[in-house]
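Throughout, protein chains are lettered first and strands after them, A, B, ... in sequence-line order, and every chain is numbered starting at 1.
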Number of protein chains: 2
Amino acid sequence: MSTAKYVYLFNEGRADMKNLLGGKGANLAEMTNIGLPVPPGFIITTEACIDFYSAGQQFPKGMEEQTLEKVKLLEEETGKKFGDAEKPLLVSVRSGAVISMPGMMDTVLNLGLNDNTVEGLAASTGNRRFAYDCYRRFLQMFGDVVLGIDHIKFESVLEDQKYAKGVEFDNQLTAEDWQQVIEEYKKIIKKETGEPFPQDPMEQLFKSIYAVFNSWNTDRAIVYRKVHKIPDDLGTAVNVVSMVFGNMGDDSGTGVAFTRNPSTGENAIYGEYLTNAQGEDVVAGIRTPQPIAQLEQEMPDVYRQFTETCTLLEKRYRNMQDIEFTIERGKLWILQTRNGKRTAQSAIKIAVNMVEEGLISKEEAVTRVEPEQLDHLLHRRIDPKAQLEVLAKGLPASPGAASGVVVFDADKAEKMSQEGKKVMLVRMETTPDDIHGIVAAEGILTSRGGMTSHAAVVARGMGKPCVCGCDALKINYTAKQLSVGDRVIKEGERIAIDGSTGHLILGEVPMIDPELSGEFIKLLRWADEIRDLGVRTNADTPEDAAKAREFGAEGIGLTRTEHMFMAQDRLPIVQKMILTTTLEERQEALNELLPMQQEDFYGILKAMQGLPVCIRLLDPPLHEFLPNVEELALEINKMELTGADAGEIKDKEALLRQVRSLTEFNPMLGHRGCRLGITYPEIYAMQARAIFQASAQLVKEGCDIIPEVEIPLVMEANELKFLKELVTKIAEEVQEETGVQFDYTVGTMIELPRAALLADEIAEDAEFFSFGTNDLTQTTLGFSRDDAEGKFMHHYLDRKIMKENPFVVLDRKGVGKLMKMATEQGRKVKPDLLVGICGEHGGEPSSVEFCHIIGLNYVSCSPYRVPIARLAAAQAAVNNKEQSK
Amino acid sequence: MSTAKYVYLFNEGRADMKNLLGGKGANLAEMTNIGLPVPPGFIITTEACIDFYSAGQQFPKGMEEQTLEKVKLLEEETGKKFGDAEKPLLVSVRSGAVISMPGMMDTVLNLGLNDNTVEGLAASTGNRRFAYDCYRRFLQMFGDVVLGIDHIKFESVLEDQKYAKGVEFDNQLTAEDWQQVIEEYKKIIKKETGEPFPQDPMEQLFKSIYAVFNSWNTDRAIVYRKVHKIPDDLGTAVNVVSMVFGNMGDDSGTGVAFTRNPSTGENAIYGEYLTNAQGEDVVAGIRTPQPIAQLEQEMPDVYRQFTETCTLLEKRYRNMQDIEFTIERGKLWILQTRNGKRTAQSAIKIAVNMVEEGLISKEEAVTRVEPEQLDHLLHRRIDPKAQLEVLAKGLPASPGAASGVVVFDADKAEKMSQEGKKVMLVRMETTPDDIHGIVAAEGILTSRGGMTSHAAVVARGMGKPCVCGCDALKINYTAKQLSVGDRVIKEGERIAIDGSTGHLILGEVPMIDPELSGEFIKLLRWADEIRDLGVRTNADTPEDAAKAREFGAEGIGLTRTEHMFMAQDRLPIVQKMILTTTLEERQEALNELLPMQQEDFYGILKAMQGLPVCIRLLDPPLHEFLPNVEELALEINKMELTGADAGEIKDKEALLRQVRSLTEFNPMLGHRGCRLGITYPEIYAMQARAIFQASAQLVKEGCDIIPEVEIPLVMEANELKFLKELVTKIAEEVQEETGVQFDYTVGTMIELPRAALLADEIAEDAEFFSFGTNDLTQTTLGFSRDDAEGKFMHHYLDRKIMKENPFVVLDRKGVGKLMKMATEQGRKVKPDLLVGICGEHGGEPSSVEFCHIIGLNYVSCSPYRVPIARLAAAQAAVNNKEQSK
């Protein structure tokens, strides 16, 4: 077996060899090949790193020999030599991962210096102080990074020296001072490692390479990768580059620049530089860097060369670049280029402008903006310039910022809001009983519950800021106050939350309203041209529907009728309906609800005229509309002990018995969804009647409406058949009673594994399918969202048992497999079956992509995620077209 | 289009034309063709009935003409004529369904009688009284069955006549008396229908056929079919048979006989007859019938002819026959034959004897016994001769009978049982906290909960009688009494339950112990030779294991370690383990549990030596081991209101907070199964250690043991990988510590849809799969067993939305599809993967058959169902071999 090629000269690589050479290395190679002034160097591949680990942290066979060869070539090219007292070759050794992990891994600069070569450097630069400063920096860096000696030890020597010399800053020390420091450093190294500092540059080099390889698996690197979802098995490359110096006088300098403005997107070079300085000096902040434009005055030729380089690199990479450069005695060196990070606003502007400049296609433009970034632009946010007093941090459950006075219960929140006050609803957790309070509040803050707790889900649906699971918060309902540590906040005091960061902030906070720029709108239009998937919204009110329509929704994929049941004026009627034992009394209550539901549907269908509106019949278990068992039991107990009226106690006990009889062990798997329609057909009949009476009314008024009646939680074709007959009968009755004809369809949610498995049978009676992936995920994985996120999801993610929270990112392997089967089987029976998704995944880019791949007709998401879904759908179309080429 | 052949003469049919001719008709045809003396007749087909319904309850085209033809042939063959005053043809018209529905459908006898022909009958029989009795019976039957007149109206005429004549019994009335009755009957018919009684025999015939067709869809017939799971679309045939009379003198008679004893299986004709009588007289009970043996004395020729007929029919049908016969003036007529119903004991003996007689094969023998029937033989039962005071009826949740004194709580049950008292545990419902009480009790009675409630499942597992959901029962824990209506029973009073019928019985009751006959054992051995499926048992104790082994279990398919955690002496340690927040304290509690668990496993492995024992690591959510939230809250409330010690209240509140934090919204989908092993690896480590230390000990003692370690609730290969590593590490540690080598395997439950969908990945790390079909059914259908059975399952069965309760009979279409996929995918990766089932379906015959079809290695069920599973597995092998031929 021949050994692998482990070491590449820059001119042997290319930009597309990123996996082998790392991001930085591939770009250095690319720049070298297009003739840009890159200091000569070579790259040790990621493969070497991977083989290093599989060999038990040993250099793989052949790597050392190859490195020696390349060092020789480097010496020839630079005319310098490792260890040469006159023209010493100095190099930097840096990690270069495939996916950038800024600040995470180790770097050694000025490698090659020793007691001999430092003098060579002093002579060639004519600056002893500089040379010895370099040397002591190298010793310090090498000691810390390569030899693992605590950097405090070096720093205290430095502090002692400054103290002894009576100076404040490093740059006040002389060459001789540094020489003394260097002697101390060498002693530290000897003492800590038992070996003297290695004078041999080759030994320095291999030790450094070893250290860089090792830095791939430091704790902080592992944590970083976990946070940023970078695989652990990529390995890092090592870049060995000959040093250039920006501190060789006023014709030298160093800087960083973006080819366009990373915060606004403006097409002008943006950056800063320092003359007579090294990169570190910029970071140290001792001198203030100058804006890059200044360079035009100081070194016009260099500046011209630099701007040409920017243009060249943008053309080459077809993207905005983030460039590091050094000027050594009037000569420009490019040390690094990479795609520049940018704000959402900048990303959009750059993408749109580059299309207009003919640099990229529309298809590329839509892939240039992270859909999740848009979220930020669609909500009010805290002025980034504001000074904030952040009290605590919870989960960023629903984006946007809000402020208001603290209120602890929903009724009061509603009352105060009606009085014109802006309120912040603060609860341990919310339940459906709190809906009116959530509606009334500016934002919601809870101390318990995860990203998919009730508060989070409802708030996201309403586009209302929410911070959840803020466990530093102690809430005392009785005392009407919350506390964080010693800090107590009483009801009525003002707080703010930032639902994008999870921050809880004290007092009033300045806000910025969202702006939808012309470029934003243009980009989304292009996305619409490109995507195959339709984008609908989940909306329960005419207001939500109108908002979503503004954001480009092409219909409603889910209207939850139960939210309408929760309204304060309806709940008593709903409870009456549930608690009665006779059909007559239930019918009476339903008759009261009918005109209200009809009005609801009238409003939504009207707001969406011309577009389809999918209305789900009642879904949640009935006891969700009833008082809590434990609270009732406590109340009765109290009544008994305080000698309340026996009749009243009896009534309460009867109520408790009824509520208890409706309580379920596992409500998620209980008496809900179409099971309610089968046991109480009169409830679904009322809802169907409300939909159709509203439809008839609108048709009469000349509106074009497209109602879709959706049966939830089907697991068996007979359920759908039974309920479809019921709905059809009501439709015919209403058409006869009103004399108005209207179109409608009847279909079903696919949200249980059995429904997916039997999709062919179910498709016989369904005109559409809509995947309810929240429930489908829960049942396929046997994983309760509410329970898992609080109790064990983090273990699963920490231990990498799962890569993603399946309630956030659709589980393609399990849930996705069922979705694919169901879609295929359904379409086998009905080739034009309309298939969509309405779970929360409908607004998450990776999940949207999967829906594109399996050929769904549309995704549906909350109004504020509609633009995100539009963009994600376009990206899915582009990325998967490329793949299939 | 030519019309169908709707009418068959007996000699045109065959036994295998049952679907077309109905059971009775096909057998009459068969007997006619083999030369037995069957009265001539014809059959109108089930197809005619089906077409009758599809034509909107109209005779199908051609049926009437064909009937007229056959009547003519019948007249020719009998030498009698419809309506002939001298030799009138009289016929019976009876329904004849494909699957017998005894007593459900209508019959008209003596059809053809009218004012004219009655005189002919009188002349030919020489018995006017008899002729007029026949006529009035016909009028009454025709009026009731065909014309739909309430039979009370006829009966009151009869009662008036008897009163007027001063007699007590019908047979004391004279011909003239009957003539008067007949005139009154005709008046009733005229008055009720507006038409006179039809004198024309053809009109009588077609009206009767119409009535029989209609009787297919009476309410009672529909209910019967639902109860007995007979399809609604089979239709009934109609048998028109010329009448023969057993009441024409002492050389006439009528009787019913079985070719073998239907209750013991003894090979001797068993039955009874009456001379000079009609079938009705036997039923009326006015005269006592004589045993069939008596016939040998009275009519030796007839008796010999009858015994020959019995032999002939048994040979023909290769089964025990139930035969109706009539002797008319010394001539034997066979009116019906069918496979005789029999007790389990008889079925077994007959099947075994018939094999020994060379009549049937062993394969046929094993299909001749309903597996469910065996249940009866395996449990103590109430002496069928006993006089019982049945107080109420609940669900027959776990078979067998038991009696004991009423006790309302588990602790007391345990205490009294230790004092040697036989107790009956009576609870509204049971929870895992009651386990020790269930263990101590003779039987369990609950007022709430279905066939799969906690009490039912646990009791069946222990083979302990249980009656559940007895809702007539009012239980008052405070007063320590139960009541049914006005009847009050106090703690300490004696009751009995019959878990096979659901009866609650007052007082002491005589019992019969189960007997396993030699034939039973022989039949099961044949079953063992025939079946492909292995049969294991679910057992949690050495006693259960030993019992199951006696019943033929070939290993343990499921040992639930949590039941061991519930023991009274361990629960406090378990609770300590759960409630601690530090790993150290948890480890301490686990260290206490370790020797106890080791002892458990030692006992079970030893009881099962030589056979595999599959041990499932901890599965239920931890809060199942903790006190109930609502009860705790009430207790605290009471303490507060009564001014208890503040410190004690604080402690209780802390406990409540902890318990609450462990409480889940949907525990079935929550923090349980291997999720516990992942968040608390130390718990699984302790259990693995206990298993392996027990294994090492047994190997040292020379026992051959085969432990299988099972990881529950896996949904992702990484879970299994992580926990398998843990288990393997512990095994290696124990082997090193003890110096003993032992074999073991590690595998997983497949009980979540995702596990089934990803079975190929999971099989990589699994040495076996075991389907947990209880959980798999719950998640695939999104159907909580506990909630569904109480709240809406009956609607689903009533409305035929589902044909079977999927928790009783495996849902082949949904759950079964997943099982098939998982088995195939798993074996694709590991061709010799061991695959079994351990849900309750493992002991249900149809589910066992499905397991055979998809090629599982074994089923596992509770000890008392092991013989049932052995037989069902053999039947599956036989039935599916035949199908594939």
* To do: Find out whether Lys638(B) and Glu640(A) are in side-chain contact, i.e. whether some heavy atom of one side chain is under 4.5 Å from a heavy atom of the other.
  => no
* Below 4.5 Å from any heavy atom of chain B, which atoms of Arg799(A) appear? Answer side chain, backbone, both or neither. => side chain
* **Closest-packed option against chain A by number of heavy-atom pairs under 4.5 Å, given Ile636(B), Asn666(B), Asn718(B)** => Asn666(B)
* Given the options Ala755(A), Ala717(A), Ala633(A), Ala756(A), which has more heavy-atom pairs under 4.5 Å with chain B than any of the others? -> Ala633(A)
* Parallel, tilted or perpendicular for Phe792(A) and Phe783(A), by the 30°/60° rule? -> perpendicular
* Would you call Lys820(A) and Glu824(A) a salt bridge, using N to O less than 4.0 angstrom? -> yes
* Asked: Considering only heavy atoms, which portion of Lys817(A) lies under 4.5 Å from any heavy atom of chain B: side chain, backbone, both, or neither?
  -> side chain
* Relative to chain B, which segment of Phe722(A) carries a heavy atom at a distance below 4.5 Å: side chain, backbone, both, or neither? -> side chain
* Minimum side-chain heavy-atom gap Met668(B)-Asp775(B) below 4.5 Å -> yes
* Heavy-atom distance under 4.5 Å to chain B: side chain of Glu751(A), backbone, both or neither? -> neither
* Could you tell me which portion of Lys721(B) (side chain, backbone, both or neither) has an atom closer than 4.5 angstrom to a non-hydrogen atom of chain A? => neither
* Asked: Quick one: of Val815(B), Leu676(B), Leu781(B), who has the most non-hydrogen atom pairs under 4.5 Å with chain A?
  -> Leu781(B)
* To do: Determine whether Pro621(A) and Glu664(A) make a side-chain contact, defined as any pair of heavy atoms from C-beta on separated by less than 4.5 Å.
  => yes
* Check whether Asp811(A) gets within reach of chain B through its side chain, its backbone, both or neither, counting any heavy atom under 4.5 Å. => side chain
* Asked: Non-hydrogen atoms of chain B under 4.5 Å away: do they reach the side chain of Glu716(A), the backbone, both or neither?
  -> side chain
* Structure fact -> Note: vs chain B, highest number of non-hydrogen pairs under 4.5 angstrom among Met802(A), Gln778(A), Lys800(A), Glu761(A) is Glu761(A)
* For the candidates Leu634(A), Leu752(A), Thr780(A), which exhibits the highest count of non-hydrogen atom pairs separated by less than 4.5 Å from chain B? -> Thr780(A)
* **Close side-chain approach of Val727(B) to Tyr684(B), heavy-atom, < 4.5 Å** => no
* Report yes if some heavy atom in the side chain of Leu473(B) is under 4.5 Å from a heavy atom in the side chain of Met428(B); otherwise report no. => no
* **Leu810(B) vs Met819(B) side-chain heavy atoms within contact, under 4.5 Å** => yes
